[in-house]
Amino acid sequence: MVSSLTFPQKFWMVFLFAWVVKADKVFDVKVFGAVADNKVDCSKAFLDAWKEVCAWEGGSTVLVPKGTYFVGKPTEFIGPCKGFMKFLLEGVLKAPTSLSGFADTWIKFRYVDGLLVSGSGTLDGQGHSAWQPCDPKCKTLPANLRFDFVKNANVRQIHSVDSKNLHINIYACQNMNVSSITIVAPEDSVNTDGIHIGDSTFINIKHSKIGTGDDCISFSPGSKNIDVADVTCGPGHGISIGSLGGNPDEDSVMGLMIRNITFIGTTNGVRIKTWAPSESNIVQNITFQHISMNNVRNPIIIDQEYCPSRTCDNKSPSKVQIKDVHYRNILGTSASKVAVNFVCSRSHPCQNLELRNINLLYTGKDGPVSAKCSNAKGISMGKLIPSSCLN
Ligand SMILES: *[C@@H]1O[C@H](CO)[C@@H](O)[C@H](O)[C@H]1NC(C)=O
Ligand SMILES: *[C@@H]1O[C@H](CO)[C@@H](O)[C@H](O)[C@H]1NC(C)=O
Ligand SMILES: *[C@@H]1O[C@H](CO)[C@@H](O)[C@H](O)[C@H]1NC(C)=O
């Protein structure tokens, strides 16, 4: 077949082949000095591989093959790069147990436009010794994985375990799809949120499993146009918007679609919380639908008097306006009698909350399930257990 081609045809085939191979070249971190012995610090080898790939015309792949690699320093993969970047993680990365030399980051991607992070590998933050109760003063601890100012990115399959702090932080990012990942930390670990999003737009999170000691997914100011679907949460504190209103000039939270979520044994299901007293802000156009609650302590909750053990004065109300929040098709069991609890602001009552087809049964025997509202306005539709308290 090939021998029947003319010389120019063969020439072009070889040329094309060489070009394709160049575009797809894989840079194995072992070639740059990484050793899979869980002893040698591989951070420099990883960064050297990234630098080479980042400068490669057309982009390419940094490969971390199977094996266990010790990554002993904060390691930041920084763009912009010449082409689409792939980081293929097949191995296990181990963080040091000590905190020396670390601030808020273990592994970070920054200023990259066009990125795929995938593979069956694991980021192991070895957080056990770092999980100390710290209120009101917390030491800065490293997150397993941070994305700062990243655009057009996909994160798939990888596992994150035992981060010293939150597991995955998405900050100032645009157009990112996170799918089929798993995040695991013990139920009693401190501040180990699964995914934390802030100042980011068009983020999709799909088909993932998150069980930690803190929020499953949390949204801070500036989270907009976010779609979360098909995620299992538990153990942990559930999905949380907030805490909001903590700072002047913080951006709003808008356009969140949270659907097809299963909560198992979490302290909260879907929660919105704002500080009291607080600065002004807006939470608007939020939908929670097709949600299954399994033994969840506070399945549906708005808390505008959020003021945990620190010294704040919740006698003055929150100035965060919450409106257009839809709760649809939420079924399952509540571990407390108050399955729906809306504590809204006296000065800025919640507007246009919608309860539609809610069926939450109390797992205890000491009374019926109920809904509690204060300063909550909205509409109720369909079958509602507990019956609605909105007005
Ligand atoms: C993320 O998924 C959405 C919807 O499937 C798609 O339109 C978008 O292009 C994807 N983004 C990236 C960076 O692949
Ligand atoms: C509400 O948010 C969704 C995304 O969840 C978005 O598609 C829709 O356009 C928003 N609606 C309004 C009125 O802004
Ligand atoms: C969510 O669940 C509904 C009802 O079970 C189903 O019709 C829909 O396809 C699901 N969507 C996703 C994105 O999983």
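Below, each value reflects all heavy atoms present in this structure, side chains not excepted, and no hydrogens, waters or symmetry copies. Atoms within a ligand are numbered from 1 in the order they appear, just like the ligands themselves. Positions are given from 1, in the same order as the sequence printed here. All values derive from a computational prediction rather than experimental measurement.
Considering backbone and side-chain N/O of Asn225, none are found under 3.5 Å from N/O of ligand 2. Considering backbone and side-chain atoms together, Asn175 places an N or O closer than 3.5 Å to an N or O of ligand 1.
When the SG-SG distance for Cys373 and Cys344 is compared with the 2.5 Å cut-off, it comes out at or above that value.
For Lys94 and Phe70, the positive end is not near the middle of the six-membered ring at less than 6.0 Å and at most 45° from its axis.
Between the side chains of Asn357 and Asn329, a donor-acceptor pair is found at a separation under 3.5 Å.
Per-residue contacts place Ala153 under 4.0 angstrom from the following atoms of ligand 1 (heavy atoms of the residue considered): 13 (C). Annotation for ligand 1: atoms under 4.0 Å from non-hydrogen atoms of Asn152 are 13 (C). Close contacts of ligand 1 with Asn154, meaning ligand atoms under 4.0 Å from a residue heavy atom, involve 12 (C), 13 (C), 14 (O).
Residues satisfying the side chain to side chain contact (heavy atoms under 4.5 Å, CB included) test with Ser189, not counting sequence neighbours, are Trp131, Ala185, Pro186, Thr192. A search for side chain to side chain contact (heavy atoms under 4.5 Å, CB included) contacts involving Cys42 returns Ala34, Phe46, Tyr69, not counting sequence neighbours.
The 4.0 Å heavy-atom shell around ligand 3 contains residues Arg259, Asn260, His290, ordered by chain and number.
Taking the six-membered ring for Trp and thresholds of 30 and 60 degrees, Tyr327 and Phe288 have nearly parallel ring planes, at less than 30 degrees apart.
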Side-chain donor/acceptor pairs under 3.5 Å, residues 148-156, sequence neighbours excluded:
residue: Asp148; atom: OD2; partner: Lys108; partner atom: NZ; Å: 3.1
residue: Asn152; atom: OD1; partner: Asn175; partner atom: ND2; Å: 2.7
residue: Asn152; atom: ND2; partner: Asp113; partner atom: OD1; Å: 2.8

- Message: For Lys224 and Asp199: C-alpha separation, side-chain torsions, deciding distance, then whether salt bridge (charged side-chain N to carboxylate O under 4.0 Å, His left out) applies.
- Response: CA-CA 8 Å; Lys224 291 179 187 176; Asp199 285 315; over 6 Å; no
